[in-house]
Protein chains: 2
Amino acid sequence: MGNAELTKPNQSWAPVRANSVANQIVMQVREALFNGKFQPGDLLGSEKDLAAQFDVSRITVRDALRTLETMGIIEIRVGAGGGARIAEGNLDYFSDALAVQFKLAGVTEREILDLQVAIEGTGAELAALNRSRENLEELSELLGEAENVMDSSADFTDAGQQFHLAIIEASGNRALIAQFRALRYVVWPQNAQRATREIAENAQKIHHQLYAYIEAQDSEAARKLMIDHLVSIRAVAFSGTAADDATGVICC
Amino acid sequence: MGNAELTKPNQSWAPVRANSVANQIVMQVREALFNGKFQPGDLLGSEKDLAAQFDVSRITVRDALRTLETMGIIEIRVGAGGGARIAEGNLDYFSDALAVQFKLAGVTEREILDLQVAIEGTGAELAALNRSRENLEELSELLGEAENVMDSSADFTDAGQQFHLAIIEASGNRALIAQFRALRYVVWPQNAQRATREIAENAQKIHHQLYAYIEAQDSEAARKLMIDHLVSIRAVAFSGTAADDATGVICC
DNA sequence: TTTGTTTTAATTGTTATATCATTATACAAA
DNA sequence: TTTGTATAATGATATAACAATTAAAACAAA
């Protein structure tokens, strides 16, 4: 008693979790990965092998493998020559985890959209700096495709989203790409709304201007325009109920 | 034969995956969550209950529960009254998944730092707009604490990181908070380096100025200063090997 | 009543064994 | 070369059992 450490009022305790054998296996593999002892594609072994190596039952190994698989650390194949292997990076899985966590934490649409503005603004900025000839060709092609579907709201929305994705990809930053794809997944229901011809034309005009800035490598202008673009989309989306303003729909 | 669909050269088939029973259970629970049929804390049941409800073995239910647990969708408690419950949002888990995916995808430090600039820049901007009286008090307190540990590089680094976190929290945006915490986890090894007294004093000066902008609700100035701050930290971090410049260490 | 202790029952953790479904490989047949 | 077939490896699933953990209930003491 009288332990000063224990009586500190603001002491916050780390949750104590009895580490199961399965979790210990998970941690061992995870640590090995971060210590550079594994490369994507490396074979860990079959359930039987691993059960023998760790001296535990197959079920316990299965528990660990299921966790590692869900974390995206390993991939499991059945059949001869199958077993558990270190996975190639799979960012789709992360997107799903992000969506789940936002859902559980009750993160609002507005909060997510502010994050989207941050991601896409920086994406446009870096795209202007780093875009390759191939990036410009793809962006140009997507602009042309969008031009052909201006009257089909669903198709235009789709083309617009592809344009935004292509910009992020032109940034050459895989961290941004992952974030963008994750967010697109999360905000999908909102963006599935229809765009009128007028809105489509306005968006297309902005997209053309974005392309011009990126081609000219004017990163600051690209960033500012992208943010304005997203903020105006958001303003429309939050301007009231759909009934208030039938034309107040977003496109991309 | 002669099926036009099948002979189309560019036809790409979606891979057909036999969905395991365990995965079907995972998807059912996941869909129910997104359809609003579950709230955090809701009891799913024990392994035995669920095995009976889904008419599968306990092993299969365990596989599904292990996956759902790793996704952060459920929490599992052992003992009487235990079982699987819908989890409260746990953003730490997401941080780990992000770190794993970046590791596997081979995302570079530079890419991650560009993302960090985007997140923290927007965080500072929103903090200036949304900061509460409590936020200002905490930021002020952290500045004072940092003042007392200027000569201890490790302590000052720690205090600086807490200051940055407090700014993000002042933004009131849980999506940004989640991203920041995730990134901090990922870039931890870099930031663990030591800061000299000179660097600490410079950082402290900038932090004081950041506080002033946030208090004055000057969002644009706060954003710009934060970005400059991070870019200069990054410039030092990438200026060469540690041997080249012993003072080129980062602090926060 | 309040507090501390013991008991009990529920539940996950782990092991063992067995069968089924899936897959890669080797090899034979056309 | 192409196609089919047998074989072995491997995960997926099921059943049964026991150990370890934990919450709740019952009980005792102050």
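Throughout, a chain's letter reflects where its sequence line sits, starting with A, and its residues are numbered from 1. Bear in mind that the values here come from a model prediction, so they are computed numbers and not experimental data.
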Report task. Quick one: list whatever passes ring-ring contact (aromatic ring centres under 6.0 Å, His included) with F180(A), sequence neighbours left out. Result -> none
Query - Contacts of type ring-ring contact (aromatic ring centres under 6.0 Å, His included), residue F38(B), not counting sequence neighbours - result: none
**Report entry** Partner residues of R66(B) under the salt bridge (Lys or Arg N to Asp or Glu O under 4.0 Å) criterion, sequence neighbours left out
**Finding:** D63(A), E69(B)
Query raised in the report: Can you give one letter per nucleotide of nucleotides 5-15 of chain D, 5' to 3': B if a protein heavy atom sits under 4.0 Å from the base, S if only from the sugar-phosphate, - if neither?
Result: ----BBBBBBB
Query raised in the report: At how many degrees, to 10°, do the end axes of the helix from dT1(C)-dA30(D) to dA30(C)-dT1(D) meet when each uses five pairs?
Result: 20°
Query raised in the report: So do M71(B) and L33(B) actually touch side chain to side chain, heavy atoms under 4.5 Å?
Result: no
Report task. Would you mind reading off the distance between L43(A) atom CG and dA24(C) atom P, rounded to a whole angstrom? Result -> 14 Å
Sub-3.5 Å donor-acceptor pair from the side chain of [X] to the main-chain atoms of [Y], do we have one?
X: D155(B); Y: V149(B); answer: no
X: N19(A); Y: Q24(A); answer: no
X: N35(B); Y: K37(B); answer: no

Query raised in the report: Is there any salt bridge (Lys or Arg N to Asp or Glu O under 4.0 Å) pair reaching into residues 39-60 of chain A, and which pairs are they, with sequence neighbours excluded?
Result: E47(A)-R58(A), E47(A)-R62(A)
